[in-house]
Amino acid sequence: MPSPLDLADLPFLREALLELVLLAVTGGVLGAWIVLRRLAFFSHAAGSATFPGLVAADASGVTPMIAGVAVALGYAGAVQRTASAGGTSARSDGAARDHGEATALLLVAALATGVILASDVFESGAVVDRLLFGTLLGLDTADVVLSAAVAVLAVAGALALGRTWSAGGFDPDGARSLGLSTARADLLLLALVAVAAVAAIPAVGALLVTAIYVLPAAAARMLTGSIRGLVACALALALAEGVAGLYLAYWLDVPAGPPVAVLGALVCLTVAAATQHRRPA
């Protein structure tokens with residue numbers, strides 16, 4: 001069994017640890033709004049939808065993260081436009097359903113395109129596994145810088161728009177009567193979640209973005225009743241699960257994404273079981 005101190009002593013693990021700390025900050029802040037606004041499916045889909053862009057970028061020599069951010073922002077805009085064109089309800093649950101339908105429609109198209117590009121056009125090999133499940137050895141300075149930038153944007157966005165995001169989620173009509181621009185704020189939230197999903201891909205992979213951004217916040221929501229408490233608890237859980245998952249990945253010689261995802265799921269299930277008695281019958 002390796003020493004936990006290796007996480008700080010070995011350069012590639014130290015960089016991976018810093019990456020997961022930055023993702024935990026983003027996950028703590030954005031994860032609260034992802035759970036409250038029912039955007040869990042969108043956060044998963046935003047990472048997976050970048051798959052064709054990342055495959056094409058890797059094969060053509062373009063920086064994958066730049067291509068991923070561009071595709072993710074386009075995907076967020078397309079989901080918002082498709083949901084609006086479908087007549088999004090003014091109620092928060094109606095908005096969640098419309099976003100879910102638009103997300104599913106565009107996700108299927110993106111994944112199908114990615115499979116075609118990876119198998120028939122560019123004949124990608126190991127790059128597919130790296131994009132889908134992440135890797136400990138694939139992180140570089142650009143990945144860490146992107147994660148740091150997204151963490152700063154997430155904190156700034158929550159401070160500037162948190163009131164609007166809350167109002168738009170719980171009382172859209174009241175938010176509009178107060179003169180709050182919920183449509184623009186919602187688009188910015190989708191864009192932030194999409195870019196955050198891209199930032200998590202090198203560490204946990206496109207298919208396991210929810211391990212960082214949804215599972216900790218879902219568990220935290222069962223433990224606290226305030227937004228500040230939700231953010232703080234989600235951040236703490238994301239950080240703990242990330243560090244423990246990184247250690248397990250190093251010990252078992254596997255990508256970091258699966259251990260982080262398994263730990264997140266176990267914590268969420270444990271919290272759900274422990275708090276079951278508090279729920280009304």
Side-chain angles (χ1 to χ4, degrees), residues 15-16 18-20 22-27 30-31 34 39-81 102-103 106-119 121-122 124-154 157 187-214 255-257 260-261:
E15 193 166 56
L18 174 59
E19 172 81 353
L20 287 172
L22 293 171
L23 292 177
V25 173
T26 304
L30 282 187
I34 288 171
L39 294 174
F41 181 36
F42 173 80
S43 67
H44 164 72
S48 302
T50 62
F51 180 48
L54 293 174
V55 170
D58 184 82
S60 58
V62 178
T63 303
M65 286 301 101
I66 294 178
V69 169
V71 172
L73 290 175
Y75 182 74
V79 167
Q80 179 78 346
R81 177 178 288 272
T103 298
L106 294 170
L107 174 60
V108 169
L111 286 178
T113 302
V115 171
I116 293 172
L117 290 177
S119 59
V121 179
F122 296 117
S124 302
V127 64
V128 174
D129 288 340
R130 188 174 75 245
L131 293 176
L132 294 180
F133 301 107
T135 175
L136 288 173
L137 301 176
L139 298 177
D140 55 31
T141 302
D143 297 325
V144 177
V145 169
L146 176 60
S147 296
V150 171
V152 171
L153 288 175
L187 179 57
L188 288 174
L189 177 59
L190 292 180
L192 270 175
V193 173
V195 174
V198 174
I201 288 175
V204 299
L207 293 182
L208 298 175
V209 168
T210 51
I212 293 288
Y213 296 143
V214 178
V260 172

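Looking at D140, its side chain does come within 3.5 Å of a backbone N or O of D143 through a donor-acceptor pair.
In this structure, the side chain to side chain contact (heavy atoms under 4.5 Å, CB included) partners of A261, at least two apart in sequence or on a different chain, are L208, A211. Evaluation of the side chain to side chain contact (heavy atoms under 4.5 Å, CB included) rule for I212 yields L20, L23, V204, V260 as partners, not counting sequence neighbours. Partners of A196 under the side chain to side chain contact (heavy atoms under 4.5 Å, CB included) rule, at least two apart in sequence or in another chain, are T26, L30, V150, Y213. For S147, the side chain to side chain donor-acceptor pair (under 3.5 Å) test picks out E19, with sequence neighbours left out. Listed by chain and residue number, L192 satisfy the side chain to side chain contact (heavy atoms under 4.5 Å, CB included) test with L153 (two or more places apart in sequence, or in another chain).
In plain terms, the two heavy atoms of V198 and G68 that are nearest each other are CG2-O, 3.4 Å. For the residue pair A203 and L139, the shortest heavy atom distance occurs at N-CD2, 4.1 Å. Among all heavy-atom pairs drawn from G77 and L187, the shortest one is CA-CD1, 4.2 Å. In terms of heavy atoms, A148 sits closest to L22 at N-CD1, 3.7 Å. Here the closest heavy-atom approach between residue V214 and residue A40 is recorded as CG1-CB, 3.8 Å. When every heavy atom of S43 is checked against every heavy atom of A197, the shortest pair comes out as O-CB, 4.0 Å.
Looking only at side-chain heavy atoms (C-beta outward), E15 and V144 come within less than 4.5 Å of each other.
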Show your reasoning for whether side chain to side chain contact (heavy atoms under 4.5 Å, CB included) applies to T50 and Y75. CA-CA 8 Å; T50 62; Y75 182 74; over 6 Å; no
